[in-house]
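First comes the structure, then the notes that go with it.
Counting starts at 1 for both ligands and their atoms, following the listed order. Residue numbers run from 1 in the order of the sequence given. Keep in mind that this is a model prediction, so the values were computed, not measured.
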Amino acid sequence: MASDGESKRLKDDQGHYLDAGFWRAVWVMAVISVVLMAVVVAYPIDPWFLPEASTTSVDIDKLFKFSMFFSVPILVFVNGFLIYFAIRYRRRPEDPDSAIGSQIHDHRALETWWTVVPAVLMVTLAVLSYFVIPEYYPTGQAAASAVTMEAIGHKFYYEFRYPGLRNSVMNDAHLPIGVPVTMDITSLESSQDVNNEAVIHSFWVPEFRIKQDMVPGMVVPLHFTPRETGTFRIVCTEFCGLGHSHMWGKVIVDSRSDFDKWYADQKRSEQAEAKGVQPISLAPGDAGAGQTTFNAKCVACHKAAPFEQKLVGPGLGNLFHDPSHPNLVTGKPATPANVADIIEHGAHGDMGTMPPMQVNGLSQKDVANLVAYLQTLHK
Ligand code: HEC
Ligand SMILES: [Cu+2]
């Protein structure tokens, strides 16, 4: 029982389903698309959005702009039509309850175009990516790097091994600007982890446009060249346990001379250590300063409460005086020197991993202060 008004809305006088309002809407969407596409072309990602701190990030951003450029009209038209049709063909008060919209099936030309155009875009993106991705994973001649180092994911920190350095560098990696680096990315294997809990981490440095899973037992050589000095955050993007959200690191890109100086410092302190020039001194610490350090660096994993009140690690409130736990997790008696040893070197045990002092960013003085503070806890 279609009224005149209803049939008019479905089909106009010429037998077209779409009226002048539709084409006006199309024009509006076209103009919005062109404006936004121009913005995509003109907008500099570096430095407004995210620095392009590695050579590859420049090429990655070109791919990003390519897909963004063509995504804009798709976004505008899909949502534009959705909104336009929802308003234009909304149910009106005079429509009968049983009214349904005009049923339209199959439009060959439209369906062909909206299949072919995105398919061509996807294939183009795939071909362009095919030339960029190998910059990260080069083979043969291209793989030759001035620096080859290792990045190992731990719960919950990053370990870096440099050629020529005996000691690992924790969390904060230094790299020289303009020097191609191959970073062998992996995670601690079960056999090396006393908890037998090898997990996957993910090594993400947004400014380098690098995101690589750190998988136990798998070593992925990742290639990049820093092109800007500065400090860039490393984020673990694979949920790896309770400490995941604390798993921050830094890549510090130095000038060549600053890097050489840093590297020489590392070497010097190794040599000093080997000669025993830096004994583990346990000078009396300042409990007040220790409390501040504790609240900043330890409370994510420890409470100042009895042993049983665990977070990631045990409660440390009765550390020096706990008849039910006379010994530390290392099996040694709870003396200041043994506690300092744990805070300095970390520990691996039933509860997990207590990170060493470099990871917690502690100086020798901080360690002494922390021991002094922990001694004040039990009353
Ligand atoms: C990422 C989590 C984490 C952080 C951060 C952390 N710890 Fe621990 N800590 C642990 C875990 C886990 C253990 C238990 C290790 C084990 O079972 O061998 C532990 C053990 C200890 C122990 C031995 C406790 C005992 O009863 O034997 C001391 C002391 C300690 N931590 C002090 C500290 C101090 C001080 C800080 C801050 C500088 C700190 N920890 C930061 C996880 C952490
Ligand atoms: Cu992680």
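Within 4.0 Å of ligand 1, contacts by protein heavy atoms are made from K297, C298, C301, H302, F307, V312, G313, P314, L316, L319, L328, V329, V339, I342, I343, A347, H348, G349, D350, M351, G352, T353, M354, P355, N360, L362, L370.
To the nearest 0.5 Å, atoms CD (E207) and CD (E52) are separated by 11.0 Å.
Using a 30° and 60° split on the angle between ring planes, F208 and F232 fall in the tilted class, from 30° to 60°.
No side-chain heavy atom of F307 sits under 4.5 Å from any side-chain heavy atom of N318. Under the 4.5 Å side-chain criterion, counting only non-hydrogen atoms from C-beta, F22 is in contact with F81. A 4.5 Å side-chain heavy-atom check between P226 and V181 finds at least one atom pair inside the cut-off.
Looking at R92 and D95, no side-chain N of the basic residue comes within less than 4.0 Å of a carboxylate O on the acidic one, giving no salt bridge. Comment: K261 does not engage D258 in a salt bridge, judged by the lack of any side-chain N to carboxylate O separation of less than 4.0 angstrom.
Closest approach of S245 and W248 over heavy atoms only: O-NE1, 3.2 Å.
Between the side chain of D265 and the backbone N or O of W262, no donor-acceptor pair lies under 3.5 Å.
Protein N/O/S atoms nearer than 2.8 Å to the Cu ion (ligand 2) total 4.
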